[in-house]
Amino acid sequence: MHPLPQERPSEPSTEPSIDIQKVQDAAYQAGYAEGVEETVASQLPPYTVLPDIGANEVIAAGISAYREHWLQLLRPEEVHGRMAHALAVGQPLSVVRLGDGELLALAHDTVLPLEEVRQKGRFLSTAGMQLPDPQARDMLADSLCMAGIIGIPHSRLPTFQGLLFPVLRYYGLSYRSLTLTTSTMNYALHEHGLLQQLLPGKRLLLIGNRAPELANMLLASASLTIAGVISPVRGFSDIPRVMQEAAICEFDLALVASGIPAVVICERIASQLGKVALDFGHLADKLVSGEIPYAR
């Protein structure tokens, strides 16, 4: 259709675009810096100041005083070594990861009231968790107890470590009895070139909504062996079907990118099928999109 005579083509907006996320991040950093400095000031005796020493220096000195309480996490080369050993000798091993989604799922109606979790976890429905779901929550907790290596967040913010340790206490898990690494271990393995060492020669089972695209990318980039693809994964209710399909596939290593249900799927692949499984997470999306290249 042609525009009527009185109509004029719309002109591009001259309003400057605003990167909301960038503004939020800057505001957070500014507020954080001020808050830390004020916290240091609040710990000084009345009518006392601490010149020429920043809050970061004070925190570093204070952390050193707590060295005996430090909890060492597995490094990328150690996680790789354990996975490589399990694959070599045919032992089961699950590597799962806990982010804010998994922790909020575990916390709803246990550590936190349901409505608070709904407010803090508006994204949970897109990560495979519909609230409330006590059955899915309990499945997640059971798999957490059984997992071989658990990635935990480095962040101490309220929905990360602020939830992690209360959640572990609620479910009767001692963090010192668990084998722990970082929740970004999927990325770390790739960044250190360890994932690229691990995958060749293995029969790979890819699980998740983007598993077909990931399979194509891996075949094109590295000529890896794709033993099977299970897609899509529609939340916790789909786990039995996923496990049935996995059970009839001949594979060595499963890469699972299916949101929060990935924890349960990875653990069950190890405990029920005797295989090795890695919670692959959003690394799958970034590899498929090309944001992160497979080869380093």
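One-based numbering along the sequence shown.
Rounded to the nearest 0.5 Å, atoms CD1 (I152) and OG1 (T184) are 10.5 Å apart. With values rounded to the nearest 0.5 angstrom, I150 atom CD1 is found 11.5 Å from L73 atom CG.
A heavy-atom distance below 4.5 Å is found between the side chains of I292 and L287. Using a 4.5 Å heavy-atom cutoff, the side chains of L178 and L168 are in contact. Here the side chains of L103 and T159 are not in contact, with every heavy-atom distance at 4.5 Å or above. The side-chain heavy atoms of Y171 and L140, taken from C-beta on, include no pair separated by under 4.5 Å. Looking at M83 and L253, their side chains come closer than 4.5 Å, going by heavy atoms from C-beta outward. The closest side-chain heavy-atom distance from L189 to L198 is not below 4.5 Å.
Contact between Y187 and H282 at its shortest, heavy atoms only, is OH-CB, 3.3 Å. For L206 against I226, the heavy-atom pair with the smallest separation is CD1-CD1, 4.0 Å. When every heavy atom of L163 is checked against every heavy atom of A107, the shortest pair comes out as CD2-CB, 3.9 Å. A pairwise comparison of heavy atoms in I59 and V36 identifies CD1-CG1, 3.7 Å as the closest pair. The minimum heavy-atom distance linking L278 with C266 is given by the pair C-SG, 3.7 Å. Counting all heavy atoms, side chain and backbone alike, Y294 lies closest to M217 at CB-SD, 4.0 Å.
With hydrogens and angles ignored, the 3.5 Å screen pairs a side-chain donor or acceptor of D252 with a backbone N or O of R203. Side chain of H85 to main chain of R82: no donor-acceptor pair is present (N/O by atom type, distance under 3.5 Å, no hydrogens or angles). Distance alone, capped at 3.5 Å, is enough to place a donor-acceptor pair between the H190 side chain and the P293 backbone.
The environment of R176 atom CZ is dense: over 12 non-hydrogen atoms of other residues, nucleotides or ligands sit within 6.0 angstrom. Within a 6.0 Å sphere centred on CZ of F165, other residues, nucleotides and ligands contribute more than 12 heavy atoms.
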Audit row: S258, I265, side chain to side chain contact (heavy atoms under 4.5 Å, CB included) steps and yes/no: CA-CA 9 Å; S258 59; I265 293 170; 3.6 Å; yes
Test side chain to side chain contact (heavy atoms under 4.5 Å, CB included) applied to L195 and F280, step by step: CA-CA 11 Å; L195 182 71; F280 211 57; 3.8 Å; yes
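Comment: E78 does not engage R75 in a salt bridge, judged by the lack of any side-chain N to carboxylate O separation of less than 4.0 angstrom. With respect to the salt-bridge test (charged N to carboxylate O, under 4.0 angstrom), the residues E245 and R241 qualify.
For the pairing with L112, the side chain to side chain contact (heavy atoms under 4.5 Å, CB included) check across V167, V117, L106 returns one residue only, V117. The side-chain hydrogen bond (donor to acceptor under 3.5 Å, both in side chains) test with E116 is passed by exactly one of K120, Q119, R118: K120.
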